[in-house]
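Notes follow once the structure below has been shown.
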Protein chains: 4
Amino acid sequence: MIARAAARGPSKRRAIATVVQDKDLVAQRHDEIFRAASRVFISRGYHAATVRAIAREAHLSLGGLYAYIRTKEDILYLVFDRLTTTLRDAMRRAIEGIDDPAERIRAAIHADLKTTEAYQDEILLMYQETKSLDRASRRAVLSREADYVGFFEEILRDGYARGVFKGDPRLAADAIAYLCSIIALRRWSLKSRLSPDEVREGLVAFILRGLGVPVEDDR
Amino acid sequence: MIARAAARGPSKRRAIATVVQDKDLVAQRHDEIFRAASRVFISRGYHAATVRAIAREAHLSLGGLYAYIRTKEDILYLVFDRLTTTLRDAMRRAIEGIDDPAERIRAAIHADLKTTEAYQDEILLMYQETKSLDRASRRAVLSREADYVGFFEEILRDGYARGVFKGDPRLAADAIAYLCSIIALRRWSLKSRLSPDEVREGLVAFILRGLGVPVEDDR
Amino acid sequence: MIARAAARGPSKRRAIATVVQDKDLVAQRHDEIFRAASRVFISRGYHAATVRAIAREAHLSLGGLYAYIRTKEDILYLVFDRLTTTLRDAMRRAIEGIDDPAERIRAAIHADLKTTEAYQDEILLMYQETKSLDRASRRAVLSREADYVGFFEEILRDGYARGVFKGDPRLAADAIAYLCSIIALRRWSLKSRLSPDEVREGLVAFILRGLGVPVEDDR
Amino acid sequence: MIARAAARGPSKRRAIATVVQDKDLVAQRHDEIFRAASRVFISRGYHAATVRAIAREAHLSLGGLYAYIRTKEDILYLVFDRLTTTLRDAMRRAIEGIDDPAERIRAAIHADLKTTEAYQDEILLMYQETKSLDRASRRAVLSREADYVGFFEEILRDGYARGVFKGDPRLAADAIAYLCSIIALRRWSLKSRLSPDEVREGLVAFILRGLGVPVEDDR
DNA sequence: AATGAATGAGAGTTCATTCAT
DNA sequence: AATGAATGAACTCTCATTCAT
């Protein structure tokens with residue numbers, strides 16, 4: 001059931017209407033726009049960012065940019081769409097081929113923390129600006145997010161069935177996915193005292209204990 | 001040391017410049033502005049909210065409002081300042097007089113989850129819009145937040161010294177405070193499946209286990 | 001019944017939303033905007049006219065102008081609203097106190113031709129740009145126009161009952177009102193050969209004959 | 001003199017510059033563009049219509065369309081040029097071979113009303129948007145229109161010489177041609193109460209009476 | 001002869017902030 | 001201390017037209 005949800009994936013993808021018809025060109029430009037817009041949104045925030053600045057950063061004229069999107073909000077959606085796809089794919093690869101639930105969840109958490117570290121700016125942006133999307137886009141992004149949490153839930157449900165984990169799998173999945181985002185949302189708090197490695201190890205241990213899995217190096 | 005941090009409290013408060021002199025009047029109007037602005041910011045978001053709408057909601061004229069603040073951003077700061085004060089006070093009262101570390105942390109978590117539930121809109125707003133504050137205001141708000149985490153850290157450090165908890169107190173404090181905010185930031189995900197009580201109990205159990213405290217009702 | 005329609009008058013007036021509240025000031029500024037916009041619309045046409053140019057002509061800043069209207073289309077409606085009111089009032093005054101149907105219709109036609117001559121630019125604009133109004137505004141303007149035609153219809157119906165006129169009163173009213181607008185819509189054609197007086201007299205005679213009223217000076 | 005005017009005809013036609021040389025191809029494409037543009041202009045209005053939409057409707061690429069016209073305004077001129085030609089030809093055929101002035105003018109009016117009914121959208125467009133043409137195009141279109149009025153004038157002048165009509169032939173010609181367009185310009189007013197046949201018969205009677213021709217069925 | 005991606009000037013509109021009263 | 005009219009910079013978005021291919 002969750003596997004289905006995760007597999008469903010692109011079904012919820014919202015199409016971005018373009019006046020340019022060449023599919024390959026659109027794909028290529030969307031990629032450039034994604035990169036340019038990420039930079040601009042991250043440095044200035046969605047509202048303060050101007051479409052002009054994004055066009056400039058993407059080496060496109062203003063009209064040129066608008067041939068590949070319809071509204072400023074489309075650009076934000078484009079960014080989030082690419083980001084959630086990247087995150088999901090990274091997670092898929094990370095847990096592939098691991099069968100033991102405890103190992104699998106450990107790998108998932110580790111991967112999540114690593115990618116969150118790598119995309120901390122983008123993830124922070126997503127938490128802050130998903131609200132700026134319209135209904136349809138927001139739905140699409142949240143559905144991707146749900147798929148992502150689904151990976152955790154699937155593992156937990158399996159481990160729960162085998163008696164490895166404690167607590168409600170759905171809630172735990174949500175809690176774990178959320179807790180991993182702490183790296184992006186509270187980095188100003190964490191970075192001042194602990195190294196990224198210490199943070200990561202500490203969080204893995206905390207979560208595993210929270211799931212009822214004994215952690216070796218507890219003093 | 002942490003006690004100090006928590007006690008330090010108002011020291012970081014940023015003053016809001018007003019053209020009106022009468023201190024009592026300013027305090028009263030600031031209170032009205034806080035309430036009006038909270039409503040407007042929550043329903044429309046910070047950027048979409050107009051100063052006009054806030055003035056109207058606060059039963060002030062546009063010029064009148066500007067006698068008590070200097071910029072729109074001042075209003076946002078005012079909202080966050082009041083909110084963090086409220087949150088801190090609630091936390092203080094919740095753990096007052098409890099000595100046992102496990103009981104104390106349980107009470108703190110419970111209180112946090114309860115107030116997060118009560119102020120979910122405001123807290124979501126704070127997570128999304130702290131970035132819209134200027135440096136000085138942001139610093140002040142984050143320092144308040146740090147004080148809040150300090151409550152958890154203080155308890156954990158004490159329990160750690162007494163051998164009750166596992167893991168790094170600083171990281172755990174951050175993790176716990178952050179995890180509690182899940183109620184505000186991911187309510188669309190949680191509410192669809194679990195009751196508020198189930199969420200709260202599940203999170204308390206997860207956190208306590210994460211701290212290495214045995215939880216009774218684990219199957 | 002027609003008297004009612006004509007009397008109904010302002011009932012269909014569409015309100016123009018303003019952010020400025022002072023009613024007198026709004027009335028005064030609307031008057032200035034009406035005059036300025038008429039000039040600009042007439043010289044450049046509705047679409048080519050910029051709101052900036054209208055603001056300049058009205059000695060208002062751009063934002064200032066927008067405090068008295070909501071959209072560019074509001075300005076067009078404002079112009080048409082004033083114009084149709086002026087036209088209607090002029091017609092009312094012209095036929096007041098005349099009882100004989102033939103004299104009354106002659107006076108009405110004469111008045112219409114005179115005001116059409118006086119407001120030819122504005123009337124041409126109205127014929128060309130009523131389509132640029134949105135549904136509600138267009139309805140309001142057309143309802144005014146209908147009232148205007150109603151004056152003719154009322155007279156014709158009365159004369160028809162007394163056996164003075166021939167043909168369908170409704171159609172004749174429409175035809176007469178329309179024919180009078182020829183002065184505004186085809187002045188490039190008329191002016192080249194005949195004086196305004198000749199045009200007016202010729203049209204009055206044509207119409208009266210069309211209604212079946214014997215015309216004296218027919219050779 | 002008028003015969004000359006009517007015969008002069010195409011002399012005033014403004015040429016549309018094309019990059020394509022092949023005359024037959026240009027003629028064929030211009031015909032397709034005329035039909036496509038008429039539809040688009042009528043449904044959206046000249047200003048709201050985009051050149052893109054016209055190209056699409058004409059099954060041409062954007063660049064392709066521009067090989068047959070130079071500006072958007074060229075397209076509007078093209079439409080009006082074809083339309084006025086069509087109207088003129090219809091009128092010519094309608095009065096051909098009729099000698100009696102009264103019969104001839106009756107036929108002309110009837111034909112005008114019929115074609116106005118058939119091309120009401122196009123004629124309305126012409127009245128509203130001739131102003132959007134540049135000087136040269138406008139001149140060309142108005143000259144065609146003058147030719148059209150010339151048909152009426154010719155008949156009237158002849159009848160006047162024979163003592164059949166009253167009033168100034170030139171003014172009457174203008175008045176008649178204009179009055180016929182009422183069907184296109186005020187159809188919202190007419191259609192609600194009378195059938196097309198009633199309108200047509202009523203107008204013919206009104207005009208004939210206006211010319212001093214006795215009308216049989218007057219009660 | 002045909003294509004369609006690219007350009008960029010310019011439009012309408014909003015709103016934080018000021019200041020004369 | 002209070003009012004609210006006025007300002008104008010800055011924003012998003014459109015579309016006629018060009019030109020490399």
Side-chain angles (χ1 to χ4, degrees), chain A residues 18-22 25-26 28-29 47-55 59-75, chain B residues 18-22 25-26 29 47-56 59-75, chain C residues 18-22 25-26 28-29 47-55 59-75, chain D residues 18-22 25-26 29 47-56 59-75:
Chain A
T18 62
V19 348
V20 170
Q21 294 152 24
D22 184 331
L25 189 54
V26 168
Q28 183 194 321
R29 290 276 193 270
H47 276 96
T50 67
V51 177
R52 267 180 171 78
I54 295 166
H59 304 292
L60 284 169
S61 68
L62 188 54
L65 173 56
Y66 269 99
Y68 296 95
I69 49 130
R70 264 235 290 255
T71 63
K72 184 184 179 186
E73 192 248 304
D74 267 356
I75 310 178
Chain B
T18 61
V19 350
V20 171
Q21 311 286 340
D22 184 332
L25 188 53
V26 168
R29 289 278 196 268
H47 277 96
T50 65
V51 176
R52 250 196 171 70
I54 295 166
R56 206 180 306 126
H59 304 292
L60 284 168
S61 69
L62 195 48
L65 173 56
Y66 269 95
Y68 297 96
I69 51 130
R70 263 237 282 259
T71 65
K72 184 184 179 186
E73 192 247 303
D74 268 357
I75 308 177
Chain C
T18 61
V19 346
V20 170
Q21 295 151 21
D22 184 331
L25 188 54
V26 168
Q28 183 194 319
R29 290 277 193 267
H47 277 96
T50 66
V51 177
R52 275 176 174 77
I54 295 166
H59 305 292
L60 284 169
S61 68
L62 191 51
L65 173 55
Y66 269 99
Y68 295 95
I69 49 128
R70 264 233 291 253
T71 64
K72 185 184 179 186
E73 192 248 303
D74 267 357
I75 309 178
Chain D
T18 60
V19 349
V20 171
Q21 311 286 341
D22 184 333
L25 189 52
V26 168
R29 291 276 197 267
H47 277 96
T50 64
V51 177
R52 252 198 168 70
I54 294 166
R56 207 181 304 125
H59 304 294
L60 283 169
S61 69
L62 195 48
L65 173 57
Y66 270 95
Y68 297 96
I69 50 128
R70 263 238 282 261
T71 64
K72 184 185 179 185
E73 191 248 303
D74 268 356
I75 308 177

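The sequence lines fix the lettering, A, B, ..., with proteins before strands; numbering per chain opens at 1.
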Within residues 68-75 of chain A: residues closer than 4.0 Å to DNA chain F (heavy atoms): A:Thr71, A:Lys72
5' priority, DNA chain F, between B:His59 and A:Val51 [closest heavy atom]: B:His59
Please list, one pair per line, the donor and acceptor atoms closer than 3.5 Å that link side chains of residues 62-72 of chain B to other protein atoms, with sequence neighbours excluded.
residue, atom, partner, partner atom, Å
B:Thr71, OG1, B:Glu73, N, 3.3
B:Thr71, OG1, B:Asp74, N, 3.2
B:Lys72, NZ, B:Tyr46, O, 2.8
B:Lys72, NZ, B:His47, O, 3.4
B:Lys72, NZ, B:Ala49, O, 2.8

Spacing between C:Tyr66 atom OH and F:dC11 atom C1', to the nearest angstrom: 13 Å
Beyond-backbone contact of D:Arg29 with D:Leu60, side-chain heavy atoms, under 4.5 angstrom: yes
Range on DNA chain E touched by chain A, heavy atoms, distance below 4.0 Å: E:dA5 to E:dG10
Pairing string, 5' to 3', for DNA chain F - Watson-Crick or wobble contacts under 3.5 Å, brackets [ ] where pairs cross, | to another strand: .||||||||||||||||||||
Taking every non-hydrogen atom, the tightest pair across B:Val20 and B:Val26: O-CG2, 3.7 Å
D:Thr50: side-chain contact (heavy atoms from CB on, under 4.5 Å) partners, not counting sequence neighbours: D:Arg52, D:Ala53
Interatomic spacing from CG in D:Leu25 to CD in D:Gln21 - rounded to 0.5 Å: 11.0 Å
Sugar-phosphate only, base, or nothing, as touched by A:Ala49 at under 4.0 Å among non-hydrogen atoms: sugar-phosphate
Touch class at under 4.0 angstrom, heavy-atom based, for C:Ala53 against every strand present: nothing
Closest non-hydrogen atom pair, A:Ala55 against A:Ser61: CB-O, 4.0 Å
Sugar-phosphate, base or nothing in reach of A:Arg29, heavy atoms under 4.0 Å: sugar-phosphate
Value in whole Å for how far the C1' atom of F:dA16 lies from NE2 of C:His47: 15 Å
Position toward the 5' end of DNA chain E (nearest nucleotide), C:Arg52 or C:Gly63: C:Arg52
Position toward the 5' end of DNA chain E (nearest nucleotide), B:Leu62 or D:Asp22: D:Asp22
